[in-house]
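Right, one structure below, let's go through it.
Both counts, for ligands and for their atoms, begin at 1 and track the order of listing. Any value given below was found using the heavy atoms of this structure, including those in side chains, with hydrogens, waters and symmetry copies removed. If you read the sequence from its start, that first residue is 1, and numbering goes on from there.
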Amino acid sequence: MAIEKTFSIIKPDAVENNHVGKIIAHFQEVGLKPVALRMQHLSKSEAEGFYAVHSERPFFGELVEFMTRSAVVLMVLEGENAVAKNREVMGATNPAEAAEGTIRKMFAKSIGENSVHGSDSQENAAIEIAYFFRATEICTH
Ligand code: CMP
């Protein structure tokens with residue numbers, strides 16, 4: 001299996017509820033190593049740009065409002081099969097459907113406030129990483 005990078009956000013609900021350390025520890029335990037990490041309070045335009053693909057969805061306004069409510073943790077995770085591994089350990093988008101032991105099952109309350117974001121493909125991982133991090137901020141050596 002190939003070593004990949006993926007992009008992860010620990011969302012405002014999880015930061016507000018002091019779950020940052022537990023979530024990062026969980027990633028590390030499954031072999032997803034943070035190689036870039038920053039805490040940031042997103043602006044409205046940063047959140048709108050990041051989620052531009054969802055701009056026509058009825059929940060877009062609610063999503064941007066939530067993502068700008070308080071700070072998030074932005075991360076690049078590296079590991080074997082990182083994109084799929086991250087999505088597996090996050091669990092389903094809707095926490096009500098997430099499997100036992102997944103991050104969303106453990107920490108998330110609703111589909112809107114679902115604690116973590118993770119890239120859905122290697123192509124989107126590269127786009128999302130570049131949206132928030134410069135190449136020099138990624139510590140792979
Ligand atoms: P994420 O993986 O960050 O990508 C898009 C986000 O939109 C998703 O997680 C959810 O938090 C959010 N989302 C998806 N569907 C809904 C919905 N029906 N209502 C509110 N938010 C949603």
Side-chain angles (χ1 to χ4, degrees), residues 1-140:
M1 269 186 288
I3 300 290
E4 295 173 353
K5 290 184 187 60
T6 192
F7 179 70
S8 169
I9 304 179
I10 303 179
K11 296 187 180 184
D13 62 311
V15 177
E16 290 164 5
N17 290 312
N18 283 322
H19 293 142
V20 170
K22 283 172 275 186
I23 290 173
I24 294 175
H26 196 73
F27 285 136
Q28 291 178 311
E29 280 159 17
V30 300
L32 292 170
K33 178 183 175 184
V35 293
L37 187 153
R38 180 169 78 246
M39 185 176 246
Q40 187 174 324
H41 194 150
L42 299 181
S43 68
K44 187 165 183 271
S45 65
E46 282 169 329
E48 285 173 345
F50 181 75
Y51 281 120
V53 67
H54 296 302
S55 62
E56 301 304 317
R57 302 280 197 97
F59 58 80
F60 184 64
E62 191 185 315
L63 175 61
V64 170
E65 198 169 311
F66 165 61
M67 290 300 290
T68 57
R69 182 171 82 194
S70 57
V72 299
V73 176
L74 309 168
M75 288 185 290
V76 179
L77 301 174
E78 185 179 75
E80 275 190 7
N81 224 10
V83 172
K85 172 67 77 179
N86 184 31
R87 291 184 71 79
E88 181 190 323
V89 301
M90 285 194 303
T93 303
N94 185 349
E97 293 162 11
E100 284 299 329
T102 61
I103 291 170
R104 284 169 170 156
K105 181 73 176 182
M106 289 190 280
F107 301 119
K109 295 284 179 288
S110 68
I111 191 166
E113 302 198 7
N114 64 356
S115 298
V116 280
H117 165 83
S119 308
D120 62 4
S121 65
Q122 286 194 62
E123 186 191 0
N124 283 336
I127 293 167
E128 293 176 356
I129 289 168
Y131 189 82
F132 284 114
F133 290 100
R134 290 186 214 126
T136 52
E137 294 176 307
I138 300 167
C139 305
T140 50

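One side chain, Glu46 or Ser43, offers a donor N or O that lies under 3.5 Å from an acceptor on the other.
When only interatomic distances are considered, the shortest N/O to N/O separation between His117 and ligand 1 falls below 3.5 Å. Every N/O-N/O distance between Phe59 and ligand 1 stays at or above 3.5 Å. Note: an N/O pair closer than 3.5 Å links Lys11 and ligand 1 by distance alone.
For Arg104, the heavy-atom gap to ligand 1 drops under 4.0 angstrom. Using 4.0 Å as the threshold, Phe66 has no heavy atom nearer than that to any atom of ligand 1.
Here the CG atom belonging to Leu37 is positioned 5.0 Å from the CD1 atom belonging to Ile24, to the nearest 0.5 angstrom. Atom CG in Leu74 sits 10.0 Å away from atom CD in Glu137 (nearest 0.5 Å).
Scanning the protein for heavy atoms near atom 10 (C) of ligand 1, the closest one is Ile111 O, 3.3 Å. For atom 6 (C) of ligand 1, the nearest protein heavy atom (residue, atom name, distance) is Leu63 CD1, 3.9 Å. Distance from atom 4 (O) of ligand 1 to its nearest protein heavy atom, with residue and atom name: Tyr51 CE2, 3.6 Å.
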Take Met106 and Lys22 through the side-chain contact (heavy atoms from CB on, under 4.5 Å) test and state the conclusion after the steps.
CA-CA 10 Å; Met106 289 190 280; Lys22 283 172 275 186; over 6 Å; no

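No part of Arg57 comes within 4.0 Å of ligand 1, judged by heavy-atom distances.
The residue among Pro58, Gly118, Gly112, Ala108 with a heavy atom at the shortest distance from atom 21 (N) of ligand 1 is Gly112.
For the pair Lys5 and Glu78, the salt-bridge criterion is met [side-chain N within less than 4.0 Å of a carboxylate O].
Here the options are Lys11, Arg69, Arg104, the test is salt bridge (charged side-chain N to carboxylate O under 4.0 Å, His left out), and the partner is Glu113; only Arg69 passes.
Between Tyr51 and His117, the ring planes lie perpendicular to each other; the angle is over 60°, past the 30° to 60° tilted range.
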